[in-house]
Structure formats: structure tokens, C-alpha cells
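First up is the structure itself, then whatever we jot down about it.
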Amino acid sequence: MRIVLEMTKNAEPEAVLRELYKRTPMQTTFSINLLALVDGEPRTLTLKQALRVYVEHRITVIKRRAEFDLEKAKARAHILEGYLIALKNLDELIGIIRNAPDVETARQKLMKRYKLTELQANAILDMQLRRLAALERKKIETEYKEVTGVIKELTTLLKSPKLMRGVVADELLKVKAAYGDRRRTQIVSLKKGKSAKMLTATDLMPDQTVWVGVTADGIIARTHDDKQPKHSGNDAPRWLVKASTTDTLYLVAENGKAAAIALHVIPESEKLSDGVPYQKAAPLGEDDVLSAMFALPARKSEFPEETCVISITRFGMIKKSLVTELPGPSSQSFVLARVNEGDGLGWVGLTDGKKKDILLVTSSGMAIRFKEDDVRPMGLVAAGVNGIKLDDNDEVVGAEILPAEGEIFLLASDGKAKRVDQKDFPSQGRYGKGVRAWDLPKKITLVGAVSGKPNHMATIVLAKGAPKSARLDTAAVRKRASSRGDVIVEMKKDEVITGLSVAWTVERYVKLAKAVAEEEKSKKKEEQKSTVKKAAPAKKAAVKAKAKPATSSSKGKKKKK
């Protein structure tokens with residue numbers, strides 16, 4: 001049977017397909033609770049862990065089955081050995097049985113005369129007369145050889161874990177051959193003039209907005225819906241990303257390595273602390289310390305061609321790479337930026353390739369703003385260029401792509417903060433000293449800089465205490481040169497702020513880019529209108545100037561006539 005659905009030109013095939021899956025039996029969803037007893041303890045497993053435990057269970061089953069079959073074969077071989085002894089001494093054995101007054105006496109004489117066990121003696125006494133025929137003798141000898149071969153094979157199997165794994169593989173292949181029939185319904189997307197395209201899991205995934213968070217302990221999870229997680233407490237996220245279930249999530253380590261994973265494979269959890277370590281969800285090692293996280297749509301064609309990913313290190317190295325160079329979800333990691341020894345990658349942002357500015361803020365209170373044109377796009381393996389000149393013991397503590405939402409939120413090591421308007425940071429050339437962002441007291445340094453709307457929440461990570469949250473508008477807007485600040489966090493003795501972050505969303509960059517583009521278009525239209533208005537009077541004057549000589553000459557000709 002073949003079903004053809006004809007749609008109008010403005011219909012969205014993917015949306016129609018999702019509705020078909022939802023409202024028809026074309027797709028059935030079911031939940032799996034991977035709760036299993038592992039070593040006698042109940043544990044919730046991931047799919048990979050469940051497969052590993054299942055394979056180990058099959059090995060145990062095969063081992064026990066082989067041990068059972070081996071004992072059974074040895075017992076049978078023991079009886080057959082008694083039969084063979086009896087067949088070799090058949091006449092004498094019959095005489096002993098006939099002359100014995102009872103069965104017990106016959107059993108004892110047989111055991112003593114031929115050194116038989118009680119089991120063998122009983123089997124001989126119970127042996128039927130038809131087993132004494134020549135053909136039956138041959139069957140006993142053949143069976144004994146077969147049982148001996150089985151004992152040898154089982155003994156070899158029990159001594160070799162590799163052979164037992166081979167048996168597991170063979171049995172699974174038999175199951176596959178018996179039940180692994182191919183999917184009978186093939187779903188393809190056909191357009192006029194194009195070949196068939198098989199749908200992927202991402203195409204079939206419902207487009208749902210969720211939040212993905214990673215705690216300071218490295219536990220990753222995603223929410224069930226678009227409700228934002230708490231920004232304080234032990235479950236507070238160190239990194240938080242708002243994205244769709246069809247997007248691709250990128251995890252970036254301090255050493256420049258990155259991993260791309262499909263966002264829908266991240267486990268769901270009500271609490272972020274109930275998730276899994278990010279090393280299990282992404283192809284990153286235990287030595288790869290997470291430093292940034294961002295998400296991109298699965299179809300990067302939704303971005304302009306010149307859209308770039310910008311990465312900044314703590315020593316001020318900046319690098320720009322085209323979004324199209326980033327790989328899709330894979331089981332292998334890749335290098336987003338080559339990081340020099342002793343340095344560490346700390347921030348990642350998106351730009352439109354030409355019209356944005358880059359702001360770097362250092363721990364000493366300095367800041368530099370320069371055009372992104374000063375940084376050319378580079379390959380993934382490149383290290384980048386210098387963004388700011390740093391003094392000794394100074395480092396970058398914040399990086400933002402401007403224009404951004406709201407003001408720049410600056411947080412100091414004493415728990416005070418202030419907001420500075422973006423216009424207060426003048427634009428200059430790359431790799432300069434910059435300007436003073438905050439005139440700080442001695443022994444006080446900046447620990448972070450973020451941007452966002454006044455009602456946005458920021459997560460403040462402490463070295464000893466649980467993370468705390470703060471609205472950005474709890475700090476007043478002050479001048480760049482101002483030394484004042486508002487207390488955001490009550491700092492205890494020996495407490496240190498280790499991180500400051502706000503939620504990462506693609507909308508921050510895409511919407512702003514569209515708004516800037518629309519503003520530029522409107523400015524160009526106004527300039528064109530003004531130039532047209534100025535040119536119109538000039539054209540009229542030129543027309544009048546040409547028309548006057550013509551009329552005077554015509555009048556002169558009439559007078560001559």
C-alpha cells in the first residue's frame with residue numbers, strides 16, 4: 001500500500017509529519033525504566049551501562065550453563081566407562097551376577113572385582129539385555145567418544161573469557177537473524193527535482209524548548225520543559241543553555257577541545273544534580289575541564305554565511321572561526337582552538353562576522369573594546385591573536401560580544417558589583433591596554449563580567465559555599481570611572497568567588513543581529529530619502545536654467561520676421 005499526501009505550497013512538511021506521528025499509529029512512544037540489580041544493588045542505568053551489564057550477565061549465564069553441562073557430561077561419561085568395562089568382561093560379569101544370592105552381594109562383588117563405583121555398579125545391574133548386542137556396543141562406544149569431546153570443549157570454554165564472549169556474540173546474532181527484520185515502512189522526503197532523503201532522529205524529534213545545565217561538579221542534565229532551573233543552591237548550574245531538543249550542544253574544555261552532541265540524548269531530570277557526569281554524555285576525558293557551553297541549530301544554514309564562533313582565553317588570545325566549520329554530533333572530540341601552555345579557554349560567543357564589537361575585561365579592572373574586523377576567521381586548529389595587553393599577574397575575567405542586552409555587569413572579589421553602560425567603553429584598536437572599567441581598591445580584583453537584561457538572573461559560584469543567585473538590576477548603573485559598587489554577596493572570611501555566569505541563548509545573538517541590521521536598513525533609507533530631497537531642488541533649478549535661453553532666442557526670431 002502506498003499513501004501520498006499532497007500539501008499546499010506554504011505547508012511545512014516536517015510539521016505535517018510530526019502531526020502524523022502524533023495522531024496516527026505511525027509512531028509509538030513508550031517509556032523505559034532502566035532500573036536493574038547490579039551486584040545485588042538496585043541501580044538506574046544509562047543505555048550504555050545497561051548493555052554492558054547485559055553482556056556481563058550473558059557471560060555469567062553461559063559460564064553457569066557450561067558448568068552444568070560439564071557436570072552432566074562427566075556423570076554420563078562415568079556411567080559409560082562402567083558400561084565399557086562390563087562389555088569387555090561380559091562372561092565373567094554375568095557369572096558373578098548369577099552366583100550372587102542377592103543384588104547387594106552382586107553389587108559389592110562387582111565394585112571389588114572391577115574397581116567400580118556404586119553408580120557404575122548400579123547402572124550395570126540395571127542394564128537391559130538388549131544392550132549386550134554388537135550394535136548396541138558400538139553405540140555405547142560412539143556415545144562415550146562424543147561425551148569425551150563435549151567435556152574437552154566445555155573445559156576449554158570455561159578457561160577462556162574470550163571464547164565465552166564469542167558465544168555471547170553468536171547467540172545474539174542468532175536472535176538478530178530470527179527477529180531482526182527490517183522496517184517495512186520507509187519514510188522519505190521528496191521534492192521536485194531532488195532525490196529521496198531519509199529522515200534522521202533529529203528530524204523526527206519534537207521541537208521543544210528546554211534548559212541544559214552543568215553543575216560545578218560536572219553533572220549535566222536537561223529539564224522536561226522550558227522552566228528555568230534555580231540559580232542558587234547545590235543544584236544551581238555553573239553553565240546554563242536555553243535551546244531546542246533539535247539543536248546541537250557544544251561542550252568546550254579549557255584545553256581547547258570540544259565535543260558536539262545531539263541535545264535530545266542528554267538525560268532529563270528534575271534536579272541537575274541527578275544527571276550524569278558530562279564525560280559520559282560527551283566524548284571528553286576526565287582531564288578535560290569544562291569552561292564553556294553553547295548550542296546551535298542542527299541546520300546551520302539558518303544563520304548568515306559569515307556567522308562566526310569567537311573563543312577567548314584567560315590570557316587574552318582571541319580566535320574567530322566560521323560556524324560552518326563546526327562538526328555535527330559525533331562520538332569524537334575536535335579542537336575548537338589551540339590553547340598555549342599555561343593558558344585556558346574561558347568564553348565562547350557568536351558574531352555576524354563583521355558588525356560586532358568585542359569587549360574584554362581583566363581582573364585588574366581594565367577593559368578593551370575593539371571591532372571584530374580586527375580578527376580574521378581562522379581554522380579550528382589555529383591559536384588566534386592577542387586581544388589585550390596584560391600586566392603581570394593579570395588575566396581576562398569576562399568577555400562579551402557587543403551590542404548586547406542591557407548593561408555590562410561587573411563583579412568584584414569583595415562581593416560588590418556595578419553596571420556600566422556599553423557606550424561608556426570607547427572603541428579602539430585590538431591589542432591595547434584598554435581603559436579603566438572600575439577603579440578598585442588595593443587587594444580587590446574583578447572576578448567576572450556579564451551582560452543581560454536588568455531582570456535576568458546571574459549565578460555566582462563560591463569556592464566553599466553553595467552557588468548564589470542575583471538579579472542584574474540589584475547593582476546600580478554607574479559611570480565607568482566610578483569606584484562605588486553595591487554589595488551583592490556577603491563575603492565570609494576565606495571565601496572566594498570562582499565564577500559568574502548567565503544563561504546562554506542563541507536568541508541573544510540572533511535577535512540582536514537582526515535588530516542591528518534593521519536599524520542600518522532604516523538609516524540607509526532615511527539617508528537615501530534626504531539625498532533625494534536635496535537633489536530635487538537642484539534638478540529643478542538646472543531645468544529652469546536650460547529653459548530660459550531657449551525662450552529668449554525664439555522671441556528674437558519672431559521680432560526679426
When you compare the side chains of Thr459 and His231, does any donor N or O come within less than 3.5 Å of an acceptor on the partner?
yes

Can you tell me which residue pairs pass the side-chain hydrogen bond (donor to acceptor under 3.5 Å, both in side chains) test with a partner in residues 415-430, sequence neighbours excluded?
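Checked against side-chain hydrogen bond (donor to acceptor under 3.5 Å, both in side chains) - neighbours excluded - the pairs reaching residues 415-430 are Glu407-Arg419.
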
Could you list all the side-chain hydrogen bond (donor to acceptor under 3.5 Å, both in side chains) pairs where at least one residue sits in residues 375-391, not counting sequence neighbours?
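Residue pairs with at least one partner in residues 375-391: Asp391-Lys433.
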
Could you tabulate the donor-acceptor pairs under 3.5 Å formed by side-chain atoms of residues 436-447, not counting sequence neighbours?
residue	atom	partner	partner atom	Å
Arg436	NH1	Ser364	O	2.7
Trp438	NE1	Ser483	O	3.2

Give the intermediate values and the outcome of side-chain contact (heavy atoms from CB on, under 4.5 Å) for residues Ile368 and Met366.
CA-CA 7 Å; Ile368 186 172; Met366 301 298 293; over 6 Å; no

Met293 to Val212 - nearest heavy-atom pair and separation:
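Closest approach of Met293 to Val212, heavy atoms only: CE-O, 3.6 Å.
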
Which residue pairs pass the salt bridge (Lys or Arg N to Asp or Glu O under 4.0 Å) test with at least one member in residues 473-486, sequence neighbours excluded?
Arg471-Asp473, Arg478-Asp486

Count the heavy atoms of every other residue, nucleotide or ligand shown that sit under 6.0 Å from [atom1] of [X], and state whether that count exceeds 12.
X	atom1	value
Asp274	CG	yes
Gln228	CD	yes
Asn393	CG	no
Asp287	CG	no
Glu286	CD	no

Using the six-membered ring wherever Trp is involved, compare the ring planes of Phe334 and Tyr250 and label them parallel, tilted or perpendicular (cut-offs 30° and 60°).
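Perpendicular, since the angle between the ring planes exceeds 60°.
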
Val450 side chain near Leu472 side chain, heavy-atom distance below 4.5 Å:
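SC-SC contact between Val450 and Leu472 confirmed.
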
Would you check if Lys230 and Pro237 make a side-chain contact, meaning some heavy-atom pair closer than 4.5 Å?
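No - every pair of side-chain heavy atoms lies 4.5 Å or more apart.
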
ring-ring contact (aromatic ring centres under 6.0 Å, His included) filter on Tyr278, not counting sequence neighbours, yields none

Pairs of donor and acceptor atoms involving the side chains of residues 32-45, under 3.5 Å and at least two apart or interchain, shall be tabulated with distances.
none

